[in-house]
Amino acid sequence: MAATATNRRVPLRLAGDKPPGSVLVRNLYLSCDPYMRPKMSRPLRESYTAAFVPGSVITGYGVARVLDSSDPRLAPGDLVWGITGWEDYSVVRPPTTAFLAKISHHGGVPLSYYTGILGMPGLTAYVGFHEICAPKAGEAVFVSAASGAVGQLVGQFARLAGCRVVGSAGSAEKVELLRTRFGFHDAFNYKEEPDLAAALRRCFPEGIDIYFENVGGAMLDAVLLNMRAHGRIAVCGLISQYNLKDGEKDAVRNLSAVVAKRLRLQGFIEPDHKHLYPKYEAWVLPYIRDGTLAYVEDVAEGLESAPRALIGLFHGRNVGKQLVRVADDAEAGA
């Protein structure tokens with residue numbers, strides 16, 4: 001897999017007659033996200049996004065500066081986050097330009113945060129936890145892949161909501177991060193647990209009220225055995241399954257618990273909830289600025305490092321939100 005770069009000379013204007021609604025941007029940060037892996041494994045009947053086209057530029061979330069625009073919403077010099085290309089400069093055309101959002105509250109907040117806590121992962125964490133799981137103070141919350149871009153936020157949102165939160169991660173370093181930096185009440189290394197169901201019983205002797213699902217497979221099966229009656233499960237992703245072929249994917253053996261315990265299990269995707277972003281941004285910005293919320297980033301330098309950074313997600317090499325810095329912040333006029 002290779003990231004395709006455009007000519008490194010700066011294109012200052014859109015070529016030709018400026019197709020209506022098109023935007024030329026200088027890419028500053030690119031986001032590495034697990035959902036990108038299934039886009040390389042088509043055809044998939046259950047997919048909700050279009051496949052990457054071999055030989056074409058990979059697309060994904062990023063932060064960029066507008067150089068030229070025929071979109072009335074955006075002007076040269078504006079900072080934006082949304083879908084762009086894995087390249088130095090991108091021409092974003094309709095309908096993709098609808099997914100470019102102008103950054104209006106950059107003051108005091110790193111631009112890179114719009115690939116994470118102030119971007120798609122942040123809204124994903126907010127919607128899954130607050131809108132779908134509807135937490136109540138005192139409830140028990142479990143988060144898998146808890147040190148990642150979404151999980152680290154869900155754990156902190158749970159703590160702010162007065163819940164007891166436990167997370168799982170894949171190394172001692174990440175477990176320590178959950179406990180000391182993100183304020184999880186407990187955490188464990190799933191790679192060191194021979195029996196995941198027993199590990200969850202140890203952490204949740206009275207059961208789990210809310211599970212934020214990022215992993216799938218054996219972890220989901222173990223959680224189902226440990227859920228309390230009327231528990232809620234928000235399914236954000238199933239990263240343990242993305243590199244498996246159809247015949248290799250893990251079956252869910254404890255699905256009968258959904259009926260016996262009257263569980264609500266709901267999958268969701270962030271694009272369906274874009275209308276909630278202003279509400280989320282207004283809620284989260286004060287917590288970022290006063291230091292209530294911590295956010296850890298794993299930054300790879302240079303466009304050439306993007307493929308390795310993305311692959312690293314599926315081997316647990318990243319600590320925190322994985323992103324790629326394509327250009328220095330100074331190029332954004334920050």
Side-chain angles (χ1 to χ4, degrees), residues 116-117 121-122 124-216 218-237 239 261 263-265 283-284 286-288 290-297 316 318-321:
I117 188 171
T124 298
Y126 179 81
V127 167
F129 185 65
H130 283 289
E131 300 291 325
I132 293 175
C133 292
K136 303 178 185 68
E139 289 191 313
V141 177
F142 177 54
V143 185
S144 57
S147 68
V150 174
Q152 61 175 286
L153 294 175
V154 175
Q156 294 180 84
F157 294 173
R159 193 188 70 234
L160 287 173
C163 299
R164 178 176 179 271
V165 60
V166 176
S168 65
S171 71
E173 176 189 11
K174 293 178 181 179
V175 166
E176 183 66 13
L177 189 67
L178 296 179
R179 289 173 172 156
T180 60
R181 185 74 183 274
F182 301 138
F184 282 63
H185 296 95
D186 201 357
F188 64 90
N189 183 348
Y190 71 89
K191 294 179 180 178
E192 296 180 347
E193 299 290 346
D195 185 335
L196 291 174
L200 290 170
R201 282 195 298 274
R202 182 181 73 237
C203 294
F204 297 98
E206 297 181 7
I208 301 167
D209 295 295
I210 291 173
Y211 174 42
F212 200 99
E213 168 67 294
N214 290 302
V215 172
M219 185 64 81
L220 175 58
D221 253 356
V223 168
L224 288 171
L225 292 176
N226 284 276
M227 291 295 294
R228 297 184 67 186
H230 304 290
R232 290 88 73 201
I233 301 174
V235 184
C236 167
I239 194 171
K261 300 180 180 186
L263 305 178
R264 185 175 71 194
L265 188 153
W283 177 81
V284 79
Y287 288 127
I288 296 173
D290 71 11
T292 298
L293 289 174
Y295 199 65
V296 172
E297 298 176 313
N318 61 299
V319 178
K321 166 63 188 171

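Since this is a predicted model, take the numbers as computed values, not measurements. Each residue takes its place number in the sequence, starting with 1.
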TODO: Report the relative orientation of the aromatic rings in H130 and Y126; use parallel for angles under 30°, tilted for 30 to 60°, perpendicular for over 60°.
DONE: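 Aromatic pair H130/Y126 classed tilted.
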Open item on the list: Does E173, at its CD atom, have more than 12 non-hydrogen atoms belonging to other residues, nucleotides or ligands within less than 6.0 Å?
Closed with: no
Open item on the list: Using side-chain contact (heavy atoms from CB on, under 4.5 Å), reason through L220 and Y211 one step at a time and then give a plain yes or no.
Closed with: CA-CA 9 Å; L220 175 58; Y211 174 42; 4.1 Å; yes
- [ ] Output every pair passing salt bridge (charged side-chain N to carboxylate O under 4.0 Å, His left out) with a member in residues 140-153, not counting sequence neighbours, ordered by first then second residue.
- [x]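 Every candidate salt bridge (charged side-chain N to carboxylate O under 4.0 Å, His left out) pair involving residues 140-153 fails, so no pair, neighbours aside, qualifies.
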Indicate the atoms forming the closest heavy-atom contact of [X] with [Y], along with that distance.
X	Y	value
A199	F188	CB-CE1, 4.3 Å
I233	M227	CG1-CE, 3.8 Å
A145	N214	CB-CB, 3.8 Å
E139	D209	CA-OD2, 3.4 Å
T124	C236	CG2-SG, 3.5 Å
P135	A161	CG-CB, 4.4 Å

Task: Result of checking F212, Y287, W283 against F157 for ring-ring contact (aromatic ring centres under 6.0 Å, His included) - done: W283
TODO: Examine R164 relative to F204 and say whether NZ or CZ is less than 6.0 Å from the centre of the six-membered ring and inside a 45° cone about the ring axis.
DONE: yes
Value rounded to 0.5 Å, distance of [atom1] in [X] from [atom2] in [Y]:
X	Y	atom1	atom2	answer
S147	L178	OG	CG	5.5 Å
E176	S171	CD	OG	10.5 Å
L153	I117	CG	CD1	5.0 Å

Below 4.5 Å, heavy atoms only, C-beta onward: do [X] and [Y] meet side chain to side chain?
X	Y	result
E213	V215	yes
F129	I210	yes
F184	V143	yes

TODO: Hey, could you give me each pair passing side chain to side chain donor-acceptor pair (under 3.5 Å) that has a residue in residues 180-196? Not counting sequence neighbours.
DONE: R179-D186, E193-R202
For the pair [X] (side chain) and [Y] (backbone), establish whether a donor and an acceptor sit closer than 3.5 Å, ignoring hydrogens and angles.
X	Y	result
R232	A134	yes
K174	A146	no
R228	E206	yes

TODO: Under the side-chain contact (heavy atoms from CB on, under 4.5 Å) rule, what do L200 and V166 come out as? Steps first, then yes or no, please.
DONE: CA-CA 9 Å; L200 290 170; V166 176; over 6 Å; no
TODO: May I have the step-by-step check of side-chain contact (heavy atoms from CB on, under 4.5 Å) for L160 and L293, ending in yes or no?
DONE: CA-CA 9 Å; L160 287 173; L293 289 174; 4.0 Å; yes
